[in-house]
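Please read the structure below before turning to the comments.
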Protein chains: 2
Amino acid sequence: MKDNKKAHDIFTKFLKNGKNRITPERFQVLDVALEMEEHFGADELYLQIKMNKINVSRATVYNTLELLVQCKLLVKRNFGDNIAKYESCFERKRHDHLVCTDCGKIFEFTDTDIYPIIDKICTESNFEFNNYSFNIFGKCKDKSNCTKQNENLD
Amino acid sequence: MKDNKKAHDIFTKFLKNGKNRITPERFQVLDVALEMEEHFGADELYLQIKMNKINVSRATVYNTLELLVQCKLLVKRNFGDNIAKYESCFERKRHDHLVCTDCGKIFEFTDTDIYPIIDKICTESNFEFNNYSFNIFGKCKDKSNCTKQNENLD
DNA sequence: ATTGCTGCAAAACGTTTGCACCTAT
DNA sequence: ATAGGTGCAAACGTTTTGCAGCAAT
């Protein structure tokens with residue numbers, strides 16, 4: 001297991017601050033979330049929890065994931081399929097995604113040039129920045145890399 | 001009714017090109033879509049169609065919307081609530097969105113500085129660009145403007 | 001003791017699918 | 001004639017909700 005102590009501390013502080021209760025279930029959700037592969041769905045996490053023989057209900061998983069987003073241990077993303085995907089951003093660099101519409105693969109990139117643009121727009125629009133999402137949809141040109149799950153294309 | 005002739009022509013050309021059939025239902029969906037307020041959901045469009053006493057099924061609406069996205073008369077968007085939203089981009093300038101997480105309002109902005117960034121990333125990643133999504137989430141600072149539907153905040 | 005959280009199951013919601021019939025080609 | 005498209009209803013998968021019991025404060 002990774003060193004989740006810092007993450008626990010952040011979550012504890014957040015929960016106390018918001019008069020939310022400190023429950024073992026919430027920390028179990030956090031622990032499993034930090035172990036997940038990137039970009040997991042809420043239900044996927046729930047099933048993983050069941051597989052680990054941990055007894056936490058769906059309702060608690062969904063509820064806790066929202067809390068973890070609020071305290072910025074997780075980010076919530078959407079890659080165009082209308083399923084909420086979560087991703088740890090605990091001790092990770094902010095990044096965005098390229099989504100291949102042929103094979104469904106998701107690639108990460110980091111580009112800081114976008115930050116001043118966001119700053120400018122928020123200032124101009126009198127908007128208090130909280131988060132952003134930036135996805136690029138297209139096709140892997142390197143087709144050896146692209147399994148092309150949708151064979152009905154082209 | 002707006003001048004939908006050009007849009008019809010684009011759709012017709014696209015359908016013929018892909019060996020899709022030209023059916024009256026598809027053009028009825030297009031016409032209602034072009035009349036909709038910005039950012040409508042598929043089911044919302046279906047209900048609007050029913051209200052107009054037009055007889056087109058849900059299946060056809062969902063199917064046709066995908067075709068309209070493919071021929072770039074509509075764009076499909078997602079503002080973080082896992083409901084696919086559509087928006088006409090027929091004779092409209094490309095734009096992105098600020099989403100207020102307090103009141104849910106969505107504001108548009110246009111910023112061309114992002115294009116060279118997208119170009120650069122696609123070139124570096126050997127990616128064939130098709131589309132992108134860029135949303136900024138935050139709060140309207142001008143609270144007189146913000147109805148704050150979520151009174152449980154702060 | 002209070003009130004928020006939990007588990008469970010059912011419901012809700014947007015979306016997709018199966019099938020028989022229809023229609024554009 | 002024959003694919004492909006349609007309408008309808010049922011199914012699907014994700015997410016939310018209602019409620020009784022439980023547990024953190």
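A, B, ... follow the sequence lines: proteins, then strands. Residue 1 opens every chain.
B:R26 contributes atom CZ, which lies 14.0 Å from atom NE2 of B:H8 (distance to the nearest 0.5 angstrom).
By the criterion of side-chain heavy atoms lying less than 4.5 angstrom apart, applied directly or through intervening Ile, Leu, Val, Met, Phe, Trp or Tyr residues, B:F137 is not grouped with B:I114; the two fall into different hydrophobic clusters.
Every residue two or more places apart in sequence or in another chain that forms a ring pair (Phe, Tyr, Trp, His ring centres under 6.0 Å) with A:F11 is listed here: A:F27. Qualifying ring pair (Phe, Tyr, Trp, His ring centres under 6.0 Å) partners for A:H39, counting only residues two or more places apart in sequence or in other chains: A:F79, A:H97. Evaluation of the side chain to side chain contact (heavy atoms under 4.5 Å, CB included) rule for B:K16 yields B:T12, B:I22 as partners, not counting sequence neighbours.
The shortest non-hydrogen separation linking A:C100 to A:F107 is CB-CE1, 4.5 Å.
When DNA chain D is scanned 5' to 3' for any atom under 4.0 Å from a heavy atom of chain A, the first and last hits are D:dT14 to D:dT25.
Hydrophobic cluster membership for B:M51: none, as no Ile, Leu, Val, Met, Phe, Trp or Tyr side chain comes under 4.5 Å of it. Cluster partners of B:Y62: none. The rule joins Ile, Leu, Val, Met, Phe, Trp and Tyr whenever side-chain heavy atoms lie under 4.5 Å apart, and it links nothing here.
Residues B:D9 and B:K5 are paired through a salt bridge, judged by an N-O separation under 4.0 Å between the basic side chain and the carboxylate. Between B:E87 and B:R92 a salt bridge is recorded (basic side-chain N to carboxylate O distance below 4.0 Å). For the pair B:E91 and B:K6, the salt-bridge criterion is met [side-chain N within less than 4.0 Å of a carboxylate O].
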**Request:** Report, as a single string ordered 5' to 3', how protein heavy atoms within less than 4.0 Å touch nucleotides 19-25 of chain C: B base, S sugar-phosphate only, - not at all.
**Result:** ----BBS
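A side-chain N or O of A:N131 and one of A:R94 form a donor-acceptor pair less than 3.5 Å apart. In this model, no donor atom of one side chain and acceptor atom of the other lie less than 3.5 Å apart for A:D96 and A:N135. With hydrogens and angles left out, the side-chain atoms of B:Y86 and B:E66 include a donor and acceptor closer than 3.5 Å. Looking only at atom types and distance, the side chain of B:K50 has a donor-acceptor partner in the side chain of B:N55 under 3.5 Å away.
Residue pairs meeting the side-chain hydrogen bond (donor to acceptor under 3.5 Å, both in side chains) criterion with at least one partner in residues 111-128 of chain A, sequence neighbours excluded, are A:D111-B:K120, A:D113-B:K120, A:K120-B:D111, A:K120-B:D113.
Each end of the helix from C:dA1-D:dT25 to C:dT25-D:dA1 gets its own axis, taken as the rotation carrying the C1' atoms of four end pairs onto the next four within a five-pair window, and the two axes meet at 40° to the nearest 10 degrees.
Counting any heavy atom pair closer than 4.0 Å across all strands shown, B:R26 reaches sugar-phosphate atoms only and no base atom.
Using a 4.0 Å cut-off on heavy atoms, the residues of residues 59-75 of chain A that approach DNA chain D are A:A59, A:Y62, listed by number. For DNA chain D, none of the residues of residues 6-14 of chain A falls under the heavy-atom distance limit of 4.0 Å. Of the residues in residues 44-56 of chain A, those placing a heavy atom less than 4.0 Å from an atom of DNA chain C are A:N55, A:V56, in numerical order.
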**Request:** Determine, stepwise, if the pair A:D31 / A:N4 fulfils side chain to side chain donor-acceptor pair (under 3.5 Å).
**Result:** CA-CA 7 Å; A:D31 285 338; A:N4 291 349; 3.1 Å; yes
